[in-house]
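Read the numbers this way: they start at 1 and go in the same order the structure lists the ligands and their atoms.
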Amino acid sequence: MDSTIWNNALKLLRFDNGIDSVTYDSIISKTTVAFCDNEVLVLAARDEYSLGLVKGQKLSKIITAAIRAANNDNPVSVKFVLAGDENAVRASVNSEKKAARSEYSDPSAFGLSNEYTFANFVVGDCNRFAHASAVAVSQKPGQRQRNPFYLWGNSGLGKTHLMKAIGNAILTNFPEKRVIYTTCESFTNAYIECINSKKFEPFRAKYRGVDVLLIDDIQFLIGKEGVQQEFFNTFEALISAGKQIVITCDRAPSNLTTLDNRLTSRFQDGIMFDVQPPDFETRKAIFLSKLKDDNFQLSDEIVNYVCENITDNIRQLNGAYKTISSYVTLANGELSMEDIQKILKPMLSPNEKKHLTPEIITNAVAKYYDLTPDKLTSKLRSAEISNARNVAMYICRDYLELKLETIGKFFGGRSHTTVMHGCTNIEKNKDLKSDAEEIIKLIT
Ligand code: ADP
Ligand code: MG
């Protein structure tokens with residue numbers, strides 16, 4: 001907002017029914033701008049008499065409304081002082097800013113808590129770029145090239161976590177900034193309340209007066225035209241004032257086909273990232289960080305089992321951790337791998353292969369070739385045992401999609417090249433390959 005806003009407001013005031021031409025000419029048009037920034041406009045009246053009038057109930061209301069209209073209906077705090085009274089100007093500005101700040105000083109009142117931060121966000125290949133860019137946003141909010149900041153991806157992959165981490169970091173880096181986190185759903189509900197009460201002012205003042213707006217699950221706007229329009233106006237007001245907007249969604253903007261395309265094209269104006277399902281290493285790092293936070297211990301076997309089987313949702317991984325840790329506590333640590341498998345079974349996706357583990361595969365392969373399972377994980381290298389072991393490793397690679405290193409470790413600490421050669425041998429050998437296919441059929 002700059003001081004031309006007052007000139008524009010004057011044009012409106014000149015023809016306002018509530019103001020006669022004498023008052024306009026001698027009082028209003030002689031009032032000047034003493035201070036102006038994005039939030040506060042301080043007007044200076046030329047003498048005590050004029051000040052009394054413009055500050056009075058009737059005129060101050062009309063003047064404020066005209067200024068707001070001149071500011072595209074965005075809220076402005078208007079103060080009046082006597083021309084030349086620098087102290088009064090400073091005092092007005094300070095008291096306004098202080099009031100605005102104290103209103104926003106409790107982050108939890110604006111949807112943020114310390115639960116989600118960059119410090120407890122595990123970075124892996126699936127989210128590396130999104131994370132780096134989110135950190136950059138938190139260091140320099142409002143920059144053109146990252147505004148809006150748009151995160152999309154399936155549920156349970158850390159979008160809300162990353163978004164709230166941005167909000168928390170901004171509050172730490174810039175305590176004076178006003179940050180609001182809201183779900184699209186509560187934004188919608190608040191808007192509906194405005195419609196019912198016919199009072200839009202407080203709603204608009206709240207959302208258009210922020211420095212950073214974090215709006216979660218924007219797909220909720222689909223099919224809601226009224227709130228889409230309101231959001232569009234909020235969006236435009238914030239972006240044009242250089243305020244940061246962060247958006248999450250379950251899909252890319254180009255796939256928000258039923259949303260007003262003025263909005264979808266605006267979303268593509270900033271920067272976007274898709275958050276991918278976590279790879280094994282990231283899942284394990286997240287799981288281990290939970291253990292560490294709670295000072296809790298689980299065998300590597302259990303940790304690997306969980307992280308190998310819960311593959312596409314971090315929320316589920318957290319759920320598995322909570323369930324297992326409470327069982328382990330109840331059972332005083334006396335839980336077998338089999339118990340763990342039973343506990344986790346309802347959490348795994350119905351895809352049968354998720355129930356399989358290297359152990360189950362090893363047992364099935366050993367049985368098929370009439371060997372004992374320990375032979376497969378031993379150092380023994382007779383043709384019979386090697387072939388059986390290769391079949392088991394091949395199934396673990398192709399069917400469980402385990403990493404070569406993980407497989408090698410399981411089969412007696414072999415290197416990933418050994419596993420690779422073993423698998424290639426199966427691919428080249430028709431008979432062994434069909435054995436592998438038959439074993440898979442048997443176990444699924
Ligand atoms: P989304 O919003 O994508 O549905 P959330 O941000 O709500 O997902 O994440 C689900 C859960 O997983 C939360 O408890 C969150 O803290 C956790 N989580 C997600 N990603 C990570 C990560 N990279 N590091 C640590 N925790 C994570
Ligand atoms: Mg979310």
Side-chain angles (χ1 to χ4, degrees), residues 107-108 110-138 148-170 179-189 212-222 245-253 255-256 267 271-296 298 303 306-307 309-326 344 347-349:
S108 65
F110 294 93
L112 290 170
S113 64
N114 289 333
E115 197 184 341
Y116 299 110
T117 59
F118 285 128
N120 62 15
F121 187 84
V122 175
V123 181
D125 286 341
C126 52
N127 56 29
R128 192 175 308 287
F129 294 109
H131 170 267
S133 192
V135 171
V137 167
S138 72
F149 182 79
Y150 187 102
L151 278 174
W152 61 277
N154 286 341
S155 166
L157 297 182
K159 299 183 298 296
T160 301
H161 188 138
L162 211 45
M163 168 181 255
K164 289 189 169 177
I166 294 175
N168 279 317
I170 291 177
V179 181
I180 286 190
Y181 164 87
T182 179
T183 60
C184 188
E185 194 173 0
S186 44
F187 183 87
T188 304
N189 291 342
V212 182
L213 178 63
L214 312 167
I215 184 149
D216 208 356
D217 289 325
I218 200 83
Q219 71 273 7
F220 204 77
L221 282 183
I222 291 174
I245 298 181
V246 181
I247 294 169
T248 70
C249 190
D250 67 352
R251 61 200 92 168
N255 284 335
L256 280 166
F267 292 168
I271 193 163
M272 9 176 192
F273 291 96
D274 58 332
V275 186
Q276 296 281 340
D279 46 79
F280 175 77
E281 282 77 10
T282 312
R283 298 197 294 273
K284 191 163 174 182
I286 291 172
F287 201 85
L288 291 176
S289 78
K290 295 271 163 204
L291 288 176
K292 195 167 160 237
D293 284 349
D294 291 355
N295 210 353
F296 200 79
L298 286 175
V303 174
V306 177
C307 299
N309 285 281
I310 296 191
T311 52
D312 34 40
N313 189 316
I314 299 172
R315 191 173 291 123
Q316 246 176 5
L317 195 64
N318 289 347
Y321 167 71
K322 281 185 202 146
T323 311
I324 293 175
S325 59
S326 60
L344 281 192
M347 299 185 154
L348 304 181
S349 66

Inset, instruction - Please report which non-hydrogen protein atom sits nearest to atom 24 (N) of ligand 1, along with the residue it belongs to and the distance in Å to one decimal place. - result: Val122 N, 2.7 Å

Inset, instruction - Quick one: closest heavy-atom pair of Val179 and Gly167, and the distance? - result: CG1-CA, 4.0 Å

Legend entry - By salt bridge (Lys or Arg N to Asp or Glu O under 4.0 Å) - contacts of Lys284 (at least two apart): Asp300

Inset, instruction - Quick one: closest heavy-atom pair of Ala130 and Phe149, and the distance? - result: O-CZ, 3.8 Å

Legend entry - Shortest heavy-atom approach to atom 7 (O) of ligand 1 - which of Arg315, His161, Gln316, Lys159: Arg315

Legend entry - From CZ (Phe129) to CG (Asp274), nearest 0.5 Å: 11.0 Å

Legend entry - Ring-face cation of Lys290 near Phe296 (centre distance under 6.0 Å, axis angle within 45°): no

Legend entry - Polar contact flag, side-chain donor to acceptor under 3.5 angstrom, Asp279-Thr282: yes

Inset, instruction - May I ask you to check whether Thr117 and Asn168 show a side-chain donor-acceptor distance below 3.5 Å? - result: no

Inset, instruction - Give the atoms of ligand 1, by number and element, whose distance to some non-hydrogen atom of Asn127 is under 4.0 Å. - result: 23 (N)

Legend entry - Salt-bridge present (Asp125, Arg128; N to O < 4.0 Å): yes

Legend entry - Atom indices of ligand 1, in the order listed, that fall short of 4.0 Å to a heavy atom of Asn318: 11 (C), 12 (O), 13 (C), 14 (O), 17 (C)

Legend entry - Gly158-ligand 1 polar pair, N/O distance under 3.5 Å: yes

Inset, instruction - Decide whether Thr311 and Arg283 meet the rule of one side-chain donor and one side-chain acceptor closer than 3.5 Å. - result: no

Inset, instruction - Can you pull out the closest protein heavy atom to atom 18 (N) of ligand 1? Residue, atom name and distance to 0.1 Å, please. - result: Ile314 CG2, 3.4 Å

Legend entry - Val123-ligand 1 polar pair, N/O distance under 3.5 Å: no

Inset, instruction - Just let me know how Thr160 lines up against ligand 1, side chain, backbone, both or neither, with a heavy-atom cut-off below 4.0 Å. - result: both

Legend entry - Per-atom contacts, ligand 1 versus Asn120 - under 4.0 Å to a heavy atom: 24 (N), 25 (C)

Inset, instruction - Using side-chain contact (heavy atoms from CB on, under 4.5 Å) as the criterion, point out the one residue from Thr188, Asp250, Ile215 that pairs with Phe220. - result: Thr188

Legend entry - Donor-acceptor side-chain pairing of Asp217 and Thr183 below 3.5 angstrom: no

Inset, instruction - Would you please say whether a donor-acceptor pair under 3.5 Å links the side chains of Gln316 and Asn318? - result: no

Inset, instruction - Please confirm whether Leu162 comes within less than 3.5 Å of ligand 1 when only nitrogen or oxygen atoms on both sides are compared. - result: no

Legend entry - Contacting atoms of ligand 1, where contact means under 4.0 angstrom from a heavy atom of Ser155: 4 (O)

Inset, instruction - Measure from atom 1 (P) of ligand 1 to every heavy atom in Ser289, Gly156, Pro278, Ala285 and give the option owning the shortest one. - result: Gly156

Inset, instruction - Tally every protein N/O/S atom whose distance to the Mg ion (ligand 2) is less than 2.8 Å; waters are neither shown nor counted. - result: 1

